[in-house]
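Sequence positions, counted from 1, serve as the residue numbers for this chain. From a predicted model like this one, the values you see are computed outputs, not experimental measurements.
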Amino acid sequence: MFPEGMFQTPKRELRYIELSGNSFHGTIPSNIGTGSPNLNSLNLNFNSFSGNIPSSLVLSSLTSFKLDHNRLTGRLGYALALLSFPRRS
């Protein structure tokens with residue numbers, strides 16, 4: 001299970017969330033990324049998250065966003081589909 005309350009307090013200076021390969025299960029917390037306007041990288045891949053991708057993950061500051069190898073379902077939100085990431089050279 002994902003740690004309860006991990007993202008309840010705003011963390012304005014938080015830039016990276018790296019929680020891949022931890023066998024977390026359940027839904028991705030709806031408040032993840034909230035209060036973290038400088039969040040650049042979110043890596044939650046290789047877990048067992050299920051359900052929909054929360055709309056709170058639509059952050060314009062993200063340059064890396066990894067959710068692969070989970071059990072996510074549903075449609076990508078419209079705003080999430082509009083995210084653009086810089087191309088690697």
Side-chain angles (χ1 to χ4, degrees):
M1 198 95 192
F2 202 77
E4 289 280 330
M6 184 176 214
F7 297 102
Q8 288 184 354
T9 305
K11 294 162 181 60
R12 299 193 60 73
E13 298 305 316
L14 183 65
R15 295 179 189 260
Y16 306 98
I17 297 175
E18 167 59 68
L19 296 172
S20 63
N22 284 290
S23 300
F24 289 129
H25 62 278
T27 58
I28 297 173
S30 61
N31 61 346
I32 192 169
T34 304
S36 301
N38 297 312
L39 185 63
N40 293 324
S41 177
L42 177 65
N43 189 351
L44 301 175
N45 61 345
F46 293 98
N47 283 290
S48 293
F49 287 116
S50 59
N52 294 319
I53 299 170
S55 59
S56 63
L57 293 182
V58 181
L59 303 166
S60 60
S61 61
L62 279 178
T63 57
S64 177
F65 182 61
K66 297 178 183 178
L67 294 174
D68 57 296
H69 294 90
N70 281 287
R71 297 175 181 173
L72 298 168
T73 58
R75 296 180 178 185
L76 290 176
Y78 179 72
L80 189 61
L82 294 177
L83 282 176
S84 62
F85 299 104
R87 294 180 189 216
R88 292 185 180 180
S89 15

As an exercise, state the distance from [atom1] of [X] to [atom2] of [Y], rounded to the nearest 0.5 Å.
X: Ser41; Y: Glu18; atom1: OG; atom2: CD; answer: 7.0 Å
X: Asn22; Y: Phe46; atom1: CG; atom2: CZ; answer: 12.5 Å
X: Thr73; Y: Phe49; atom1: OG1; atom2: CZ; answer: 13.5 Å

Checklist entry - side chain to side chain contact (heavy atoms under 4.5 Å, CB included) between Ile28 and Leu67: does it pass, once the steps are laid out? => result CA-CA 10 Å; Ile28 297 173; Leu67 294 174; 4.0 Å; yes
Checklist outcome for this item: Residues Lys66 and Asn43: closest non-hydrogen pair is CB-OD1, 3.6 Å
Checklist entry - Which heavy atom in Pro54 sits nearest to a heavy atom in Pro29, and how many Å separate them? => result CG-O, 3.7 Å
Checklist entry - Would a distance-only check, ignoring hydrogens and angles, find a side-chain to backbone donor-acceptor pair under 3.5 Å from Asn47 to Leu19? => result yes
Checklist entry - Hey, are Asn45 and Asp68 close enough side-chain-wise for a donor-acceptor pair under 3.5 Å? => result yes
Next on the checklist: Quick one, Ile32 and Ile17 - any side-chain contact, counting heavy atoms below 4.5 Å?
Outcome noted: yes
Item to check | The single option from Ile53, Leu44, Thr27 passing side chain to side chain contact (heavy atoms under 4.5 Å, CB included) against Leu72 | outcome: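 Between Leu72 and the candidates, side chain to side chain contact (heavy atoms under 4.5 Å, CB included) is satisfied uniquely by Ile53.
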